[in-house]
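The structure follows.
Residue numbering restarts at 1 for every chain, and letters A, B, ... go by the order of the sequence lines. Remember, it's a predicted structure, so these values are computed and weren't measured experimentally.
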Protein chains: 2
Amino acid sequence: MEMEYQEAKDKFISTWGSLGTLWGINKAMAQIQSLLFISTKPLSMEEIMKELKISRGNTSMNLRQLMDWGIVTKELIPGERKEFFTTEKDVQELARHIAKERSRREIKPVIKILKDVSSIKDDGTEKTKELIKQTKALHDLAETADAMMNKIVNQEQNWITKSLLKLIK
Amino acid sequence: MEMEYQEAKDKFISTWGSLGTLWGINKAMAQIQSLLFISTKPLSMEEIMKELKISRGNTSMNLRQLMDWGIVTKELIPGERKEFFTTEKDVQELARHIAKERSRREIKPVIKILKDVSSIKDDGTEKTKELIKQTKALHDLAETADAMMNKIVNQEQNWITKSLLKLIK
DNA sequence: CTAAACTTTCAGTAATTATTGAAAGTTTGT
DNA sequence: ACAAACTTTCAATAATTACTGAAAGTTTAG
C-alpha cells in the first residue's frame, strides 16, 4: 500500500486516537498527543484546534490533562504571546510516563482494595474461603504484573528489554 | 479494616467491574465475570440477573461476549433444563486468555497500521521524515511490548515470571 | 405435535461521556 | 490603568454507549 503524507498522517492520528481507550485516555486527548508527536515544531492552541477541528474549550481541557499525565509540556517561544505545546518525542520515555500514571491512578488503588477484600475474617464458610482465595490470587497477580511493568519500563535504556526478550524467546 | 462477607463481595464486584475498562470490557461484563469468579458453583442466568440486578437481555448478551473472550463457559448440569455458567478460576490462565484476546483484537491491528504508515514513500520533506521516524519508533515499541506480554503470559507455570522478576529487581 | 421452559434479539430508552461556545479570567505591553 | 491577546471555565447540548423488556426463537419432554 502506498499513501500520501496527508493520508498517512490522518490515518495515524485517527488510529492512535481510537486506541486511546487502551491506555485509558479519551479520543481528543489521544489525537492531540498524536498530532504533537509527529509535528516538527511546537504547536499553538489555534493550530491544534484548526488541525483537529475541535473547539477551543475542548483543546484547552485536553491539553491540561495531557500535561497532568506528564507527556505534554508548554513551550514558551521568545517574542510570542501565545503558548506552544510539545509532547515527549522519545517513545521509551513516553511509555514510562504512561505506565507510571496508569499504575498510580488505576492499578495501585485496585490492588489496595483486593488486599482489603482478601483480608476479611475467615468465618469458615465455603463462600468466604472462596472469596478470600480468589481475591488473594488476583491480588498477587496484579501486584506482580504491576511491578514487572514498572521495572521494565523504567530502565533508562532499553537494554533490559532486549535481553529479556532474548531470554524468553 | 474488617468487612463482612457481603460487603467484601460487593466491593470486589464493583471494583473489578469498574476496572473493566482497563482490560477493554464493559461494566456488566466485568461484573458477571467477577461474580462467577468468586462463586463456589456454576450460576444460572436467573441467579446472575438477580444478584447483579440487571436485565435478562443484558445478561444474555454479556455472557455471550464473555464466552467469545474464552473466559466463561457453559456448564450443562444433568437433570437441569437451564444453562449454567462458570468462569476460568485460575488467574494465570485468565490473564493468558485476556492478553491473547486483547492482542488479537486491538494491538495487532494497530501494529499493522503503524507499519503501513511508517512505510510511506519518503518524499524528502521534513514532515514526512518525522512521520516516518516517529511511527516507526512506535511500531517497534508496540511490537516489542506485545511480544513480551504474550511470551510472559503464555508460560504454563509462572516460573518464568518469578525468575524474570528476580532478574530485574 | 404441542406446550412449557428457557435463551436470544433488537428497537426504544436511559445513562454516561465528550464537546461546544460564550462569558469570565489572566497576562502583557504601553 | 487600560485594552488587546490570549486561556480557562462550565452550563447546555450532542454523541456515544449501555440497558431494558417484550417479542421472537429454540430446545426439550411428554
* Summarise protein proximity over nucleotides 9-15 of chain D in one line of letters, 5' to 3': B for base, S for sugar-phosphate only, - for none, counting protein heavy atoms closer than 4.0 Å. => BB-----
* Is there a donor N/O on one and an acceptor N/O on the other, under 3.5 Å, for the side chain of A:R81 and the base of D:dA4? ->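 Checked by distance alone, the answer is yes.
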* To do: Check the surroundings of atom CD in A:E80: do more than 12 heavy atoms from other residues, nucleotides or ligands lie under 6.0 Å from it?
  =>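 Enclosed.
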* Asked: Got a salt bridge between B:E51 and B:K9, using NZ or NE/NH1/NH2 to carboxylate O under 4.0 Å?
  ->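 Judged by the 4.0 Å cut-off on N to carboxylate O distance, B:E51 and B:K9 do form a salt bridge.
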* To do: Give B:E46 one of three labels, base, sugar-phosphate or nothing, depending on what nucleic acid heavy atoms sit under 4.0 Å from its own.
  =>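 Here B:E46 touches no strand at all.
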* Asked: Are B:M49 and B:V72 connected in a single hydrophobic cluster, I mean Ile/Leu/Val/Met/Phe/Trp/Tyr linked by side-chain heavy atoms less than 4.5 Å apart?
  ->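 Result: no, two separate clusters.
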* Asked: How would you give the extent of chain B contacts on DNA chain C, as first and last nucleotide 5' to 3' within a 4.0 Å heavy-atom cut-off?
  ->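 Nucleotide range with atoms under 4.0 Å of chain B: C:dA4 to C:dC10.
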* To do: Report the distance from atom CD of B:E83 to atom C1' of D:dT27, rounded to the nearest whole Å.
  =>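 Checked: the CD to C1' distance equals 10 Å.
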* **Between D:dT28 (C1') and B:K82 (NZ): distance, integer Å** =>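 About 14 Å, once rounded to whole Å.
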* Are A:M61 and A:L36 in one and the same hydrophobic cluster, where Ile, Leu, Val, Met, Phe, Trp and Tyr link if side-chain heavy atoms are under 4.5 Å apart? ->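 No, it is not one cluster - the side chains of A:M61 and A:L36 are not joined through contacts under 4.5 Å.
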Using residues 124-134 of chain A as the side-chain source, report each donor-acceptor pair under 3.5 Å to any protein atom, sequence neighbours left out, with the distance given to one decimal.
unit_1, atom_1, unit_2, atom_2, d
A:T125, OG1, A:D123, OD1, 2.8
A:T125, OG1, A:T128, N, 3.4
A:T125, OG1, A:T128, OG1, 2.8
A:T128, OG1, A:D123, OD1, 3.0
A:T128, OG1, A:D123, OD2, 3.2
A:K129, NZ, A:D122, OD2, 3.2
A:E130, OE2, B:K89, NZ, 2.6
A:Q134, NE2, B:F37, O, 3.3
A:Q134, NE2, B:K89, O, 3.1

* To do: Using atom NZ of B:K53 as one end and atom C1' of D:dT20 as the other, report the distance to the nearest whole Å.
  =>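 About 16 Å, once rounded to whole Å.
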* Asked: When you check the gap from the basic side-chain N to the acidic O, do B:R96 and B:E88 get nearer than 4.0 Å?
  ->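 B:E88 and B:R96: not salt-bridged.
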* To do: For residues A:K121 and B:Y5, determine if any side-chain heavy atom of one lies less than 4.5 Å from a side-chain heavy atom of the other.
  =>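 SC-SC contact between A:K121 and B:Y5 ruled out.
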* With distance as the sole test, does B:E47 use its side chain to make a donor-acceptor pair with the main-chain N or O of B:S44 at under 3.5 Å? ->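 It does hold such a pair.
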* To do: Round to a whole Å and report the spacing from CD1 of B:I25 to P of D:dT17.
  =>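 Going from B:I25 (CD1) to D:dT17 (P), I get 16 Å.
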